[in-house]
Visitor: 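Questions regarding the structure given below will be posed in turn.
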Amino acid sequence: MTTGKPPTSHDVARLAGVSQSTVSLVFRGAARGRVAPGTQQAVLDAARRLGFRPNADARRLRVGGPRMVLIAIPDIVNPFFARVFTGARGTAREAGFQVVLSVQRDLASVAADVAGQRVDAVLACSLDDGGRPLDDSVPAVVLDAEPPQGMGAVRFDIAPALTEVVDHLYRLGHRDILHLRADVDTSTFRERAAAVDAACAARGMRRARAAAAVDRDAARDTARAALRREHAAGRAVTAVVCDDDILAVGAYKAAQAEGLAVPGDLSVTGVDNVDLAQALTPELTTVDLPGETLGAMGMRRLLAAVDGADQAAEVVRLPARLLIRGSTAPPPSRSSG
């Protein structure tokens with residue numbers, strides 16, 4: 001029975017009874033001394049039976065020429081993604097790879113960039129969720145997102161850190177908070193929302209919610225409208241938990257516009273710990289997500305996959321930690337407890 005879809009390297013691996021990395025080694029011309037001749041023949045026979053035709057660009061070995069890796073990020077201005085790119089690029093260059101930057105928000109758009117470039121591998125950070133439109137013969141690793149089937153990933157263990165944020169606010173005496181969410185539909189932000197909701201519910205805290213684009217002015221306007229709405233309903237929000245440090249900047253500006261002091265009237269927390277978190281006054285209580293470490297580790301795993309390591313579908317979690325600074329304090333109507 002045929003499905004109408006072209007066969008993939010996954011199909012070849014299943015039929016030949018080998019790993020996908022073995023298939024990759026065979027079709028990249030890198031099997032000598034690493035894959036037994038009988039296994040190589042089994043892969044070639046399986047590919048012939050299935051009619052599998054590997055992408056010529058993806059499987060080439062450019063002897064004497066540079067190898068290329070494409071790094072995809074959704075935003076070149078956001079300082080977190082700049083750190084991710086810096087860490088990934090440095091690791092790639094140390095390994096002798098050249099780097100191509102792709103600024104895209106989904107894998108389908110990255111696939112179009114891959115088709116127009118002679119790249120050997122793809123590292124994609126924080127892109128919108130979806131299927132896997134990339135050619136199976138191009139090794140790929142995703143960062144800070146749910147990996148499509150067959151891809152490896154490096155992610156932050158964000159839920160425990162956000163639970164710690166809520167615990168910190170609870171211990172200070174806060175019972176009524178606003179969660180200022182990023183208006184971005186990806187698994188990492190859904191995970192953040194679920195963690196905040198669960199932590200608030202477990203502690204009997206009331207949680208209002210508002211969503212804004214990851215932009216200072218949009219966050220300011222959204223947070224200001226939410227604070228006014230809650231006040232009009234007779235609910236005194238005393239803390240704002242933000243999905244991102246840039247959103248937290250907007251929350252600071254909303255507080256200022258409403259005549260509220262941070263943290264005397266309104267505590268604010270963020271996520272990322274980019275440089276601006278310490279440039280604010282008071283400095284921002286935030287969750288530290290080391291972007292350069294994320295980029296470097298993701299690139300190391302990607303380059304291992306290029307060299308044939310079988311790390312498909314493995315997800316590695318990096319720790320995230322809460323940094324308590326001056327933007328959080330007991331609410332004005334309560335003492336810490």
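Keep in mind that what you see is a predicted model, and the values were worked out from it rather than measured.
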Visitor: Ignoring hydrogens, what is the shortest heavy-atom contact between V214 and V184? Give both atom names and the distance.
Guide: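 Of all heavy-atom pairs spanning V214 and V184, the closest is CG2-CG2, 4.2 Å.
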Visitor: Do R67 and V306 have side chains that get closer than 4.5 Å, going by heavy atoms?
Guide: yes
Visitor: Charged N to carboxylate O under 4.0 angstrom, D215 versus R220?
Guide: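 Salt bridge absent between D215 and R220.
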Visitor: Do F80 and D144 touch side chain to side chain, with heavy atoms closer than 4.5 Å?
Guide: yes
Visitor: Please find the pair of heavy atoms, one from P147 and one from G152, that lie closest to each other, and give the distance.
Guide: CB-O, 4.1 Å
Visitor: Please determine if R190 and E146 form a salt bridge, counting it only when a charged side-chain N lies under 4.0 Å from a carboxylate O.
Guide: no
Visitor: Identify the heavy atoms of A72 and L127 that sit nearest to each other, and give their distance.
Guide: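 Minimum heavy-atom contact is CB-CD1, 4.2 Å.
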Visitor: Could you check whether any side-chain N or O of T39 sits under 3.5 Å from a backbone N or O of V35, counting only pairs where one atom can act as donor and the other as acceptor?
Guide: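 Checked: no pair found.
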Visitor: Got a donor-acceptor contact below 3.5 angstrom from the S327 side chain to the T285 backbone?
Guide: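 At least one qualifying donor-acceptor pair exists.
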Visitor: Within a radius of less than 6.0 Å around CD of E283, do more than 12 heavy atoms belonging to other residues, nucleotides or ligands occur?
Guide: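 Enclosed: over 12 neighbouring heavy atoms sit under 6.0 Å from CD of E283.
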Visitor: How far does CG of L162 sit from CZ of R192, to the nearest 0.5 angstrom?
Guide: 7.0 Å
Visitor: Do R105 and S126 get their side chains close enough for a donor-acceptor pair, meaning under 3.5 Å?
Guide: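 There is no such pair (donor and acceptor under 3.5 Å, judged by atom type) between the side chains of R105 and S126.
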Visitor: State, yes or no, whether a side-chain contact exists between D157 and L318 at a heavy-atom distance under 4.5 Å.
Guide: no
Visitor: Any sub-3.5 Å donor-acceptor pair from S267's side-chain atoms to A329's backbone N or O?
Guide: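 At least one qualifying donor-acceptor pair exists.
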Visitor: So that I can tick it off, tell me whether D272 and R83 are bridged by a salt bridge, with the cut-off set at under 4.0 angstrom between side-chain N and carboxylate O.
Guide: no
Visitor: Evaluate the criterion side chain to side chain donor-acceptor pair (under 3.5 Å) for residue pair H168 and T328; output intermediate values, then yes/no.
Guide: CA-CA 9 Å; H168 169 62; T328 50; 2.9 Å; yes
Visitor: Looking at R207 and D176, is there a salt bridge between them, counting it only when a charged N and a carboxylate O are closer than 4.0 Å?
Guide: no
Visitor: Give a yes or no on whether R49 atom CZ has more than 12 heavy-atom contacts from other residues, nucleotides or ligands under 6.0 Å away.
Guide: no
Visitor: To the closest 0.5 Å, what do you measure between CG (L247) and CG (D244)?
Guide: 5.0 Å
Visitor: Is there a side-chain contact between V69 and V100 in this structure, where contact means two heavy atoms from C-beta onward sitting under 4.5 Å apart?
Guide: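 No - every pair of side-chain heavy atoms lies 4.5 Å or more apart.
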Visitor: Quick one, V122 with V142, criterion side-chain contact (heavy atoms from CB on, under 4.5 Å). Give me CA distance, side-chain angles, the key distance, then yes/no.
Guide: CA-CA 8 Å; V122 174; V142 300; over 6 Å; no
Visitor: Stepwise, does the salt bridge (charged side-chain N to carboxylate O under 4.0 Å, His left out) test hold for R321 with D288?
Guide: CA-CA 5 Å; R321 64 191 181 108; D288 181 34; 3.5 Å; yes
Visitor: Please lay out, stage by stage, how V12 and L50 fare under the test side-chain contact (heavy atoms from CB on, under 4.5 Å).
Guide: CA-CA 7 Å; V12 174; L50 292 170; 4.0 Å; yes
Visitor: Any salt bridge between R317 and E191, counting N to O under 4.0 Å?
Guide: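 Salt bridge flag = yes for E191 with R317.
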Visitor: Evaluate the salt bridge (charged side-chain N to carboxylate O under 4.0 Å, His left out) criterion for residues D221 and R224: first the C-alpha distance (whole Å), next the side-chain angles of each, then the deciding distance (0.1 Å), finally the verdict.
Guide: CA-CA 5 Å; D221 295 343; R224 190 175 185 187; over 6 Å; no
Visitor: Evaluate the criterion side-chain contact (heavy atoms from CB on, under 4.5 Å) for residue pair V271 and C242; output intermediate values, then yes/no.
Guide: CA-CA 7 Å; V271 172; C242 301; over 6 Å; no
Visitor: Check whether any side-chain heavy atom of T286 lies under 4.5 Å from a side-chain heavy atom of R325, and answer yes or no.
Guide: yes
Visitor: Walk me through whether D243 and H179 qualify under side chain to side chain donor-acceptor pair (under 3.5 Å).
Guide: CA-CA 8 Å; D243 272 353; H179 181 197; 2.8 Å; yes
Visitor: Could you report the tightest heavy-atom contact between A248 and T269, atom names first, then the distance?
Guide: CB-O, 4.1 Å
Visitor: Regarding D217 and K253, does a basic nitrogen lie under 4.0 Å from an acidic carboxylate oxygen?
Guide: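 Salt bridge: no.
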Visitor: Going by the rule salt bridge (Lys or Arg N to Asp or Glu O under 4.0 Å), which residues pair with E230 if we only count those two or more places apart in sequence or in a different chain?
Guide: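 R206, R235.
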Visitor: State whether D45 and R48 are salt-bridged, where the test is any N-O pair (Lys NZ or Arg NE/NH1/NH2 against Asp/Glu carboxylate O) under 4.0 Å.
Guide: yes
Visitor: Does a side-chain heavy-atom distance below 4.5 Å link V141 with M299?
Guide: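 No, every pair of side-chain atoms sits at 4.5 Å or beyond.
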Visitor: With rounding to the nearest 0.5 angstrom, report the CG to CG distance, D245 to L280.
Guide: 8.0 Å
Visitor: Between L276 and L323, is there shared hydrophobic-cluster membership here, with clusters defined by ILVMFWY side-chain heavy atoms closer than 4.5 Å?
Guide: no
Visitor: How far apart are the closest heavy atoms of G298 and V154, and which atoms are they?
Guide: CA-CG2, 3.9 Å
Visitor: Mind checking whether F85 and V99 have side chains closer than 4.5 Å, heavy atoms only?
Guide: yes
Visitor: Atom CG of L260 and atom NE2 of H231: how far apart are they, to the nearest 0.5 Å?
Guide: 9.5 Å
Visitor: To the nearest 0.5 Å, tell me how far R89 CZ sits from L123 CG.
Guide: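 Here the interatomic distance stands at 13.5 Å.
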Visitor: Can you give me the closest heavy-atom contact between T163 and A195, atom names plus distance?
Guide: OG1-O, 4.4 Å
Visitor: Are any side-chain N or O atoms of R203 and backbone N or O atoms of A199, one a donor and one an acceptor, separated by less than 3.5 Å?
Guide: yes
Visitor: In a check of side-chain contact (heavy atoms from CB on, under 4.5 Å) between Y252 and each of V268, T281, V240, which one passes?
Guide: V268
Visitor: If you round to the nearest 0.5 Å, how far is CG of L289 from CD of E292?
Guide: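 Separation between the atoms: 13.5 Å.
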Visitor: Do F81 and I76 have side chains that get closer than 4.5 Å, going by heavy atoms?
Guide: no
